[in-house]
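Heads up, the thing below is written out as structure tokens.
By convention here, the first residue in the shown sequence is residue 1. Just so we're clear, the structure is a prediction, and the values are computed from it rather than from any experiment. All ligand and atom numbering here is 1-based and tracks the order in the structure.
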Amino acid sequence: MQEKSSELLKDVQRVVVKVGTSTLTHSTGKLNLYQLERLVRELADLRHRDMEIILVTSGAVGAGMGKMGLKGKPKTILEKQATAAIGQGILMHMYEKIFSEYGETVAQILLTREDITDRGRYLNARNTLLTLIKNGVIPIINENDTVAYEEIKFGDNDTLSSLVAGLIDADLLILLSDIDGLYTADPHKDSTAKLIKTVNELTTEILELAGNPGKQGSGGMVTKLHAAKIACNSGIPMIVADGSKEGTIREIMAGLNPGTLFIPRDHRIKSRKCWIAFASEINGYLYVDSGAEKAIVSRGKSLLPSGIIKAEGEFVRGSVVGIIGLKGEFARGIVNYGIGEIKKIKGCQSKDIIKLLEYKDCDEVIHRDNLALRV
Ligand code: GLU
């Protein structure tokens, strides 16, 4: 298996590293300066090897709690937002200070969900990030907690970091946590629990292994597996490893896999398709028959009207919709026809579209170029 990870990681150039609150703060809530210094040193060293690093950091709320002497997590949204506003500055100040000591330049990027769901803003974020990376700068990303309220939040930086990895076409996503990976059972409760070194497929059994979120961060294995789904479907390998252990990042880069490696699909998908599959907001669903599902999943085909059984939602040409097959949603795509038109042409042959609508823009309801798998 070591061979597999060294093979997968041998050409890695652009890496997204996510670090969780529990790695960055003590149980008092104050920043864990030892960990922070070590992490920055290891990342700066990757820069010295000419790798491109994008850091997704949690810890704003944690650092704010430490500064204000709060014992528990703030309960109301307003308090959380205010605490994050206090902590984000502290966090960035420390990163700026320590990275500078190693000669590295950092930039702060705070993202909200709309920056990812809105195609125009997604592209803006991508261009800014790519410009920073091109200039040798390390972007440091967090959710913009001070303006994000519950309904529109990513909520956890595991998910955010996997979307960022797709956004900038990363070669690898590393999630540094307070646990060294995915176990066969909860290692705090079960002494026979074993670390799973490699996950080849996110089966139902694997998804069921996720326990509850950890104490300080918002993550836990549930969000890590969600991130793995996004990363692996985008063709990006992901590793979960213990961020508090000296040398973790170096070991990963040497292909030694100190944690759990999630193996991606065979092929990389472009950031545009990552956006369609995982970042965009959907406006409706198309239910398709098993023939269409198979053609899309196994043969890389477009979605034609003949395979559509039912359409629901409110969408127009150019909207993103979910495609539902036998076991639920398996793909998303940008439609060439609105809901009213699809209701008229569903089940028919493409050559009959013109008779039914009195015009025809395309044979496909969703062209393959605008379609991305989620399984
Ligand atoms: N954005 C939150 C913070 O910086 C953390 C979210 C998470 O723990 O994943 O405090």
Side-chain angles (χ1 to χ4, degrees), residues 16-32 35-36 39-40 54-96 106-116 125 138-165 173-179 210-231 238 240-244 278:
V16 174
V17 178
K18 180 259 169 179
V19 57
T21 304
S22 51
T23 308
L24 292 173
T25 54
H26 289 291
S27 53
T28 55
K30 299 254 177 178
L31 284 179
N32 186 330
Q35 297 286 26
L36 203 67
L39 171 78
V40 169
I54 299 89
L55 177 61
V56 177
T57 185
S58 301
V61 175
M65 281 164 58
K67 178 83 176 180
M68 302 306 281
L70 305 179
K71 290 276 171 292
K73 263 191 177 182
K75 297 222 162 33
T76 66
I77 305 282
L78 283 177
E79 278 170 2
K80 244 188 242 170
Q81 289 174 324
T83 311
I86 297 163
Q88 180 64 30
I90 301 171
L91 202 57
M92 271 319 286
H93 170 72
M94 290 313 293
Y95 278 126
E96 161 64 37
V106 298
Q108 170 181 262
I109 308 256
L110 298 176
L111 294 174
T112 59
R113 186 163 262 289
E114 285 125 320
D115 296 321
I116 296 288
I138 302 176
I140 301 186
I141 303 176
N142 195 359
E143 177 159 16
N144 194 351
D145 293 311
T146 55
V147 294
Y149 50 91
E150 222 59 41
E151 288 73 19
I152 59 149
K153 265 175 96 67
F154 296 105
D156 69 271
N157 280 354
D158 294 331
T159 306
L160 174 62
S161 61
S162 61
L163 292 169
V164 166
L173 169 62
I174 301 176
L175 301 186
L176 295 176
S177 182
D178 54 359
I179 183 158
N212 294 321
K215 276 196 216 78
Q216 282 167 299
S218 319
M221 271 305 153
V222 179
T223 54
K224 289 188 177 48
L225 291 178
H226 186 233
K229 185 175 172 194
I230 297 176
M238 180 183 116
V240 178
D242 188 344
S244 63
F278 297 105

Next on the checklist: I'd like to check which ligand 1 atoms, numbered from 1 as shown, lie under 4.0 Å from a non-hydrogen atom of Asp156.
Outcome noted: 9 (O)
Checklist entry - Has ligand 1 got any nitrogen or oxygen that is less than 3.5 angstrom from a nitrogen or oxygen of Lys18? => result no
Checklist entry - What part of Asp145, side chain, backbone, both or neither, has a heavy atom within less than 4.0 angstrom of ligand 1? => result side chain
Next on the checklist: I'd like to know if the side chain of Ser161 reaches the main chain of Asp158, judged simply by a donor and an acceptor atom lying under 3.5 Å from each other, with no hydrogens or angles considered.
Outcome noted: yes
Checklist outcome for this item: Here the gap from Asn32 atom CG to His26 atom NE2, rounded to the nearest 0.5 Å, amounts to 3.5 Å
Next on the checklist: Measuring only between side-chain heavy atoms, which start at C-beta, is Met238 closer than 4.5 Å to Ser162?
Outcome noted: no
Next on the checklist: Counting only nitrogen or oxygen atoms and a 3.5 angstrom limit, does Glu143 reach ligand 1?
Outcome noted: no
Item to check | Donor-acceptor pair, side chain of Asn144 and main chain of Thr112, under 3.5 angstrom | outcome: no
Checklist entry - Does an N or O from Gly59, backbone or side chain, lie closer than 3.5 Å to an N or O of ligand 1? => result yes
Next on the checklist: Could you walk me through whether Ile138 and Tyr95 satisfy the side-chain contact (heavy atoms from CB on, under 4.5 Å) test, starting with their C-alpha distance in whole Å, then the side-chain angles of each, then the deciding distance to 0.1 Å, before giving a yes or no?
Outcome noted: CA-CA 10 Å; Ile138 302 176; Tyr95 278 126; over 6 Å; no
Checklist entry - Is there at least one pair of N or O atoms, one from Asn157 and one from ligand 1, spaced under 3.5 Å apart? => result yes
